[in-house]
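Reading through the structure tokens given below for one structure.
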Amino acid sequence: MKTRPLIVLTVISGTVLSSLAVAQDVRMDPNYGSTDLSAGFLPDPQLVEVAIGGELDAGNADSSCYGYISDAPDYRLDYQAAGWGLGIYTSSELDTTILINTPDGEWVCNDDNYNLANLNAGYYFDDPQSGEYNIWVGAYFEEDVFGDAVLAITESPEDNWQIDLSPNFSSNIFSLRVLNNGNEVQTGLATLVTDNMVITNEALVAQGDQWIIENPQNGASLVASITATDETAGLALLTVNGIEGSPINLSYDFPETGRNIALGLAQENRQGVLQSIVETDQGISQIRHTALADDGEYGAALLNNCGEMIGISQHSSPVLSNRLRPDQDFAFSANLDSIRTFLTSNNVDYYEAFDVCLSEAELLALAEDKIREQEAILIDLFEEQEILEEERLRLQEATEELLAEQEALAAENQARLEELQAREAELEASQEAIAQAEAEQLELQERQEQLEQEAQEREEALAEAARQQEVDARNRMYQWSGFGIVVIALFGFVVMQVRKRRRSQDEAEKNIQQVKQQSQEIEEQLQKASAEFPDIVLLGKDEQGAESRLKINGNALIRSENGQLIGRSAQHADYVLNIETVSRKHLRVMVRDHKIYVEDLQSANGTAINGSVLSPGQQYELNAGDSLKVGLVTYQVNLLEKQE
């Protein structure tokens, strides 16, 4: 991981710098050339191969710029702005720095642009100026100086920058050396049209008797031989065994005049405009354009804005010593029809584009239409995404509420089930006790009836005996007087036994009544345990507008003997309102005869129903729709009926 001074953080953000020292001279010729571009240029990006850095420490020019740069600019851009953004960045396997002098003389510097890989540098102008941009491509580390990089100029925003770049020259353009008697007399360019064959200008190859193709892919120099020439059309076809590359495509049709064209060179294509079609004395049509060839560029292919070949540069005006001279104001090239005819007549299987090449304006219009279409799609997607997100959040909240209610209901049902099971056990025990008491009562009743029958029989026997004694008494009154006393005593004993048995029977009946009363109480408790009452929901706001909500379980409330408490203390209250104006034990809520009553428990801030303050210790009826003020918070009373 690289390290740097803390001040480099301002460099990363692309901060505008102060004037640099005179070591960076914008007037010096750039190391790797220059170009003129207007807004909407194609191809985009424009690419230039450079060697990064130099001997100067960028920190010596300004402490906020870090790296090593050269004294002269590496590249110069003259840009005509028209509402597009402008990006300048690098593509390299090394860590780069980029330094730019803008048209108004200001400096910007960037080290790492986080839209790029390998710590490459880049800067984007949202509203670029028209004028001259001088660009230095530096090396962050001194040991990386003179390493390879590609400088990219684009109008795409940073998030659309291409990361892996290659120079914009084609791998099908090669250098051509023309020798005469072993001496080099001319250099130019040749373009690969099919395997092992290149096309170039006839006047160029006519300057010598030996032709050497240099392959930039592997650095090899390959000897070429002439396969065919057409002096009238200005075309020559050379065979080169062992050449590598991809053959160029011929354009599907010829562009209209006024279109942008380019001269296909070994490094950076030279831009120009197609001026007109002219007829030669030999009846051959030629292309007149402004992409001028220089020394060493003769025989170059003329390309449309899609990189397809539409012509071959022609030079038929040698100067003294037979050397071809550079173009001046205009250049001429063999046209597309001549090239097709020449290749076809020599049985060359060339490659041709499948469709019409659109102009820059047409491509720009298509791109703008595509951008508008994509923007509309994105807007629709964003709106749909917002709707879906809102629906997802709503469903999530509803799901959470349902889960919470289900959990509370499950806990409540479990508690009710356990309570009912306990009540059922108590009822079963009570029923067994009642059955046992009834069996004992029946047994006592039978015993009582038996005793009464025995007593009756004894009374009848005693009565009979008494009558008999009364008959005999007349005769033997004195004799039987003692026996009468015994009989009377025995009768008294029997009567006492009967009374005693009646007292036992009364006690048994009393016990049976007590058992029945206990059973009735148990049944009442079971009915109370299974009673239901709507939940009470209190909805309110405090004086600051904060919402407050309290839900009272109606079933739990109706089963409570003494009601339930509302207050601020979790240790004292069944329902807690964590509000300062609420007392620890504020009020009691209860249900009697299916009506709700509340009682203020001598709270500090009082309780009121519909504005009427409650007297502490007294019970007041509370109905749905009433306003209940607890402390300083007023609630609306709502009843939630149970759903079957």
Side-chain angles (χ1 to χ4, degrees), residues 390-427 524-542 545-601 603 607 609 621-631 633-644:
E390 292 176 358
E391 182 66 15
R392 186 190 68 80
L393 292 175
R394 187 187 67 79
L395 291 175
Q396 181 178 352
E397 292 176 357
T399 302
E400 291 175 353
E401 291 179 359
L402 286 174
L403 289 175
E405 291 179 0
Q406 288 178 355
E407 291 176 357
L409 183 59
E412 180 182 347
N413 289 338
Q414 181 63 29
R416 291 180 60 186
L417 179 61
E418 293 175 354
E419 184 177 356
L420 287 174
Q421 290 174 346
R423 295 296 184 181
E424 288 176 355
E426 292 178 1
L427 178 60
E524 291 176 355
Q525 290 176 359
L526 287 175
Q527 291 177 356
K528 190 173 184 180
S530 60
E532 292 190 352
F533 194 80
D535 292 342
I536 304 171
V537 178
L538 304 181
L539 299 175
K541 291 185 178 180
D542 60 16
E547 293 185 355
S548 178
R549 182 177 185 271
L550 180 64
K551 180 179 179 183
I552 301 173
N553 190 304
N555 293 341
L557 182 63
I558 195 173
R559 297 166 193 163
S560 175
E561 292 289 340
N562 300 318
Q564 294 181 324
L565 301 187
I566 298 175
R568 183 163 45 86
S569 172
Q571 297 178 350
H572 299 88
D574 298 292
Y575 296 94
V576 177
L577 289 176
N578 191 14
I579 301 174
E580 292 184 357
T581 59
V582 176
S583 299
R584 289 181 298 174
K585 293 192 297 184
H586 198 102
L587 76 157
R588 184 193 314 275
V589 182
M590 64 206 76
V591 174
R592 294 202 314 272
D593 299 329
H594 253 67
K595 294 182 180 180
I596 307 171
Y597 294 89
V598 294
E599 175 187 353
D600 184 83
L601 302 178
S603 62
T607 306
I609 297 177
E621 185 177 353
L622 183 67
N623 297 304
D626 288 348
S627 65
L628 177 65
K629 186 174 182 182
V630 182
V633 182
T634 301
Y635 293 91
Q636 186 73 22
V637 180
N638 300 276
L639 295 183
L640 295 181
E641 295 296 338
K642 302 294 182 178
Q643 305 216 352
E644 297 180 357

Item to check | Salt-bridge contact Arg394-Glu397 (side-chain N to carboxylate O under 4.0 Å) | outcome: no
Item to check | Cationic N near anionic O, under 4.0 Å, Glu419 to Arg416 | outcome: no
Checklist entry - How many angstroms lie between atom CG of Asn555 and atom CD of Glu532, to the nearest 0.5 angstrom? => result 5.0 Å
Item to check | Asp535 side chain to Gly554 backbone, donor-acceptor under 3.5 Å | outcome: yes
Checklist entry - Do the side-chain N and O atoms of Tyr635 and Ser548 include a donor-acceptor pair separated by under 3.5 angstrom? => result yes
Checklist entry - Got Asn623 and Ile596 here, is their nearest side-chain heavy-atom distance under 4.5 Å? => result no
Checklist entry - Nearest heavy-atom pair of Lys585 and Leu565: which atoms, and what distance? => result CD-CD1, 4.0 Å
Checklist entry - Okay, side chain of Arg568, backbone of Val582: is any donor-acceptor separation there less than 3.5 Å? => result yes
Checklist outcome for this item: On a heavy-atom basis, the closest approach of Gln564 and Ile552 is OE1-CG2, 4.0 Å
Item to check | Verdict with supporting geometry, Val630 and Leu628, side-chain contact (heavy atoms from CB on, under 4.5 Å) | outcome: CA-CA 6 Å; Val630 182; Leu628 177 65; 4.0 Å; yes
Checklist outcome for this item: When Leu622, Leu557, Val591 are each screened for side chain to side chain contact (heavy atoms under 4.5 Å, CB included) with Ile536, the one that passes is Leu557
Item to check | N/O donor-acceptor pair under 3.5 Å between Arg588 side chain and Asn562 backbone | outcome: yes
Next on the checklist: Would you say CD of Glu547 has more than 12 non-hydrogen atoms from neighbouring residues, nucleotides or ligands within 6.0 angstrom?
Outcome noted: no
Checklist entry - Between the main-chain N or O of Gly625 and the side-chain N or O of Gln636, is there a donor-acceptor pair closer than 3.5 Å? => result yes
Checklist entry - Counting N and O atoms only, with roles assigned by atom type, does the side chain of His572 sit under 3.5 Å from a partner on the main chain of Ser569, one being a donor and the other an acceptor? => result no
Next on the checklist: Under a 3.5 Å distance rule, please check whether Ser583 uses its side chain to pair with a backbone N or O of His586 as donor and acceptor.
Outcome noted: no
